[in-house]
Amino acid sequence: MNRFSYTRASAVSEAIDQHRAHAAAAFIAGGTNLVDLLREDVAHPATLVDINRLPLRQIEATGDGGLRIGALVTNTAVAYDETVAARYPLLAKAILAGASAQIRNVATVGGNLLQRTRCLYFYDAGTPCNKREPGTGCSAMEGVNRMHAILGASDQCIAVHPSDMCVALAALDATVHLAGHDGTRALPFAEFHRLPGETPHIDTNLRDDELVIAVELPRRGFAEHHAYVKVRDRASYAFALVSVALGVELDGDIIVRAHCALGGVAHKPWRDLDAEAVLRGRPLNAATVRGFADSLLREAQGRRGNAFKIELATRVIVRAFELATQRSFEEGAS
Amino acid sequence: METPTAQAALDLAPSDVQRVPVTFEINGKTHRFEIEPWTTLLDLLRERCHLSGIKKGCDHGQCGACTAIVDGQRINTCLALAAVRDGASITTIEGLADGDTLHPVQQAFIDHDAFQCGYCTPGQICSAVAMLAEGHAKNADDIRELMSGNLCRCGAYTNIVAAILDAAQRSDQPLTAPGARP
């Protein structure tokens, strides 16, 4: 394991000050990803700032009917929270589809947003990787890329964001609250994570010394019509090949609104607001749903190991609509 | 709990290395340590406390052999820095029995022959004890899903699920929901 010094903060401002006072500092919360990255010689912080004593473990209602979840609330605590289960079951289902009970008991909301890709080459310090060491190349392009991106990738990096929770947060239009030396700010969820472009080593738009302090859910929770469908290589405790977080509002058989985020296919949870806009006012039927899925995947690019994901994602989107709306869009069904 | 030999072996690091004072309640007894910041809870328990029941399997949080119950929750101790967990109450496989009376889950694993090589068993049992306390498992399918963080390379899963179901049926809150297959 890489060596580092350790310091402990008890307030948000103190944590940010400690981070600024130490060169190459990193915050540690649950550590379920960071400790592994330290052990695998991928992360090299000189100092860890322990934020586990910060008062960020509350789940509380917001003034406008939403819900604010502190950055240190564990996956388990979110997934089994009564309000989350009742009003945002999509989020609870996505969390419980990810990791193991042991990991969920420790992993936090803030850490979930900031976890790194599980690309094999990112973890293998003996191979080139533009995300781990910018400019060295991408081993996944022509390598083992079954788990890799089909949307939004660049010629620098085809890694995917591994989270399930974040796919639901994207579909729910969450907001990420940040604190830094110059105060607090909020980012729409879609603006938190980045596509790889020319800078695949930068996963998010978090600034230096900034800390995720909370995730806020808006009032709309899609409790009535929602689905989280995850396809993976084994029945449990595996990262997604493709996952779909879907929330739908219906007026009879007319789609009033649909939010659809894909996981396992891109460097960030993937949404297409233009494709969703086309759904508004459309009848809920097989043609509508398949057309939507096709439009969402229209720019997908497969590689040797992952081209199957394009058809798979199309089918998983259709399946998510079936589960969310209790209808059948099988071939031959109307 | 510390022997001079073990302490000497671990003191190879330069003297200017930061030491973090930590206190844990381990299987009911309070212990204090001065540790390097990168010490994991797993290494502390095995190398400093000589609790060799808890196992290092993958050392990546993938296999669950290192599962212990920390502040009432099962966790992968290989992914937990001891400094971060300062003050915690920890139960390992060594702390489950009541004197010579095995914990009901331990006894059920024996009754159902729920292991072959036994390497994963301490983690399986700690995980199962905590899972039953969580109260979310209602049937065998739930057990399989909620125990998925514990791998068994011998493939004793069928008997592991049977043992956990049996232990649950004998407890104060048996799994009576539809789908239970004792």
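All chains are named by letter (A, B, ...) in the order of the sequence lines, taking the proteins before the strands, and each is independently numbered beginning at 1. Only heavy atoms go into these numbers, but all of them, side chains included; no hydrogens, no water, no symmetry mates.
Here B:A163 pairs with B:A108, B:F109, B:H112, B:A114 under the side-chain contact (heavy atoms from CB on, under 4.5 Å) rule; sequence neighbours left out. Residues passing the side-chain contact (heavy atoms from CB on, under 4.5 Å) test with A:A43 are A:L34, A:L37, A:L38, A:P45, sequence neighbours excluded.
For residues 95-109 of chain B, the side-chain hydrogen bond (donor to acceptor under 3.5 Å, both in side chains) pairs, not counting sequence neighbours, are B:Q107-B:D111.
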I'd like a table of the N/O donor-acceptor pairs between chain B and chain A - cut-off under 3.5 Å, distance only.
residue	atom	partner	partner atom	Å
B:Q18	OE1	A:Y6	N	2.8
B:Q18	NE2	A:Y6	O	2.8
B:D59	O	A:R39	NH1	2.6
B:D59	OD2	A:R39	NE	3.3
B:H60	ND1	A:D36	OD1	2.5
B:G61	O	A:Y237	OH	2.3
B:T67	OG1	A:Q102	NE2	2.9
B:R74	O	A:N105	ND2	2.9
B:C78	O	A:R39	NH1	3.2
B:C78	O	A:R39	NH2	2.8
B:A83	O	A:Y6	OH	3.2
B:A83	O	A:R8	NH2	2.8
B:V84	O	A:R53	NH1	3.3
B:D86	O	A:R53	NH2	3.3
B:D86	OD2	A:R8	NH1	3.3
B:S127	OG	A:Q102	NE2	3.4
B:E145	OE1	A:S236	OG	3.1
B:E145	OE2	A:S236	OG	3.1
B:S148	OG	A:S236	OG	2.7
B:N150	OD1	A:Q102	NE2	2.8

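With a 4.5 Å cut-off on side-chain heavy atoms, B:L79 and A:V106 do not count as touching.
Contact of B:V84 with chain A is made through backbone and side chain together, with heavy-atom distances under 4.5 Å. Heavy atoms closer than 4.5 Å to chain B are found in both the backbone and the side chain of A:I103.
Ranked by heavy-atom pairs under 4.5 Å with chain A, the list B:L81, B:L146, B:L151 is led by B:L81.
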